[in-house]
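Below: the structure, in structure tokens.
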Amino acid sequence: MAVREGRWDCQYCGTKGNLGRHKACQKCGRSRPAGTKFYLPSEEEAAVLDANLLKIAKAGQDWICEFCGSSNDSEATICYNCGAPREGTSPVQEIKEYDLGQTPDSGDMTFDETPERPISQPESAPKKSKRPLLIIGGVLLGLILLCALIFAGIAIFSSKDVDASVSGFQWDRSINVEAYQTVTEEDWSVPTGGRTIDQRQEIRRYETILDRYETRQREIQVQVGEETYVCGQRDLGNGFFEDIECSNPIYETQIEEYEEAVYREEPVYDTFYTYEIDKWIVVRSESDSGVDHNAQWPGLILAENEREGERSESYIIIFVNNDGEEYSMELPFSEWQDYEMGQNVLLKLDLFGNLDGVEP
């Protein structure tokens, strides 16, 4: 990876373009402080070839003396300026990585402001408060609850009671009649009491069976190599930059033979029966209905082999309000029979004017 020498600007005298190798400004002699921004005038800056400079670049981050604020090589154990020993807490220049085209090409020191020395390590960026999100969530929840309460209030207070009276009745009753008869049915088995008439082999289902393998060809992508390219720059924290290399795999289309399984659907046969059996079946339905208040079940005349089956019934009562509007409601027989023609009632209407309940 190619190494390039960066530049830095002196914040004390304003001198720009000090070479990265220099720990002090070449004009005023002041040591570069912690946090100095290194930059490359151009990402096409010539690569460093000198062995001594390469050794400096690879040595590691510069450290800052905690006593005088001077910048020192990573291999130095005492400050070159004041002779103070390097402490375990001594700050170091930060290593930074940049995408290609994003490497700084100029410094950003403010020349009219002198920072406090020594400079401590930069603090972590404060975490964003979650309070605004909680406030927004609370507001939304409040709006939802408010809408629900408004709708409930409309539903409750918009319903109304209407005076009405019973104006009519409707009823319908029916009874199924069953007969004990011999019927013919078909199934994969004969139930108890059934008498087989015919039986035959039929396909009941299919099973998927492996039949064979066939040799076929397909195109596949095979990695045959790798290409490396420069995708960014790394600030080594000592005035030098090195290339960051990324790689892309190189693929080639090749033909591959493979064995593909071929399956077949194999029918599974079973015995299918035709049989006759004696059972109760519905042969007719007798019904009766009316628009009066005298509901009755239809009279049944049953043959010797017949019986009464399932019963069904419905009862409707009709109301009319003072404006002549009719409403109807289906009720259980026990409630339906308690109403009388002309009886005054109080109808409960919902928000949409539909009958929701009745109070006698």
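Everything numeric in this text was worked out from a predicted model, so none of it was measured.
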Does the side chain of Glu256 pick up a donor-acceptor pair with the side chain of Gln254 at under 3.5 Å?
no
Which heavy atom of Asp356 sits nearest to which heavy atom of Met329, and what is that distance?
C-CE, 4.3 Å
Proximity of Trp171 and Tyr315 rings by center, below 6.0 Å:
no
Under 3.5 Å donor-acceptor, Asp292 side chain and Asn294 backbone:
yes
Give the C-alpha distance, both sets of side-chain angles, the deciding distance and a yes or no for salt bridge (charged side-chain N to carboxylate O under 4.0 Å, His left out) between Lys279 and Glu185.
CA-CA 11 Å; Lys279 62 192 302 185; Glu185 296 179 342; 3.0 Å; yes
Please tell me if the side chains of Tyr229 and Ser247 come closer than 4.5 Å, counting only heavy atoms from C-beta onward.
no
With a 3.5 Å distance limit and no angle check, can you tell me whether Trp336 reaches the backbone of Ile316 through a side-chain donor-acceptor pair?
yes
Is there side-chain contact between Val230 and Leu100, with heavy atoms separated by less than 4.5 Å?
yes
Non-hydrogen side-chain atoms of Val177 and Glu308 separated by less than 4.5 Å
no
Would you mind reporting whether Lys348 and Val162 have side-chain heavy atoms less than 4.5 Å apart?
no
Strictly distance-based, threshold 3.5 Å: is any side-chain N or O of Asp163 a donor or acceptor partner for the main-chain N or O of Asn322?
no
Pi-cation contact, Tyr12 with Arg30 (under 6.0 Å, within 45°)
yes
With Glu242, the salt bridge (Lys or Arg N to Asp or Glu O under 4.0 Å) member among Lys96, Arg4, Lys58:
Lys58
Between Cys246 and Cys231, is the SG gap short of 2.5 Å?
yes
Less than 4.5 Å apart, side chain to side chain, heavy atoms only: is that true for Asp73 and Asp62?
yes
Counting heavy atoms not belonging to Arg200, are there more than 12 under 6.0 Å from its CZ?
yes
Do Asp243 and Gln233 pair up side chain to side chain, a donor and an acceptor below 3.5 Å, judged on atom types alone?
yes
Using modelled atom types and a 3.5 Å cut-off, is there a donor and acceptor pairing between side-chain atoms of Gln93 and backbone atoms of Lys37?
no
Geometric cation-pi criterion Arg173 and Phe333, 6.0 Å radius, 45° cone:
yes
Carboxylate-amine/guanidinium proximity below 4.0 Å for Glu45 and Arg7
yes
Going by heavy atoms in the side chains, are Arg234 and Phe241 under 4.5 Å from each other?
no
Please answer whether the main-chain N or O of Ala57 pairs with a side-chain N or O of Asn238 as donor and acceptor at a distance below 3.5 Å.
yes
Arg86 and Ser74 have their tightest heavy-atom pair at NH1-O, 3.0 Å
Can a cation-pi geometry be assigned to Arg218 and Tyr258, taking NZ or CZ under 6.0 Å from the six-membered ring centre and within 45° of the ring axis?
yes
Under 3.5 Å side-chain donor-acceptor pair for Glu186 and Thr274
yes
Side-chain donor-acceptor pair under 3.5 Å between Asn354 and Tyr327, yes or no?
no
Minimum side-chain heavy-atom gap Tyr80-Ser31 below 4.5 Å:
yes
Validation row: Asp278, Gln181 side chains within 4.5 angstrom (heavy atoms):
no
Verify the ring-centre separation between Trp188 and Phe272: is it less than 6.0 angstrom?
yes
Hey, is the main chain of His22 close enough, under 3.5 Å, to the side chain of Arg32 for a donor-acceptor pair?
yes
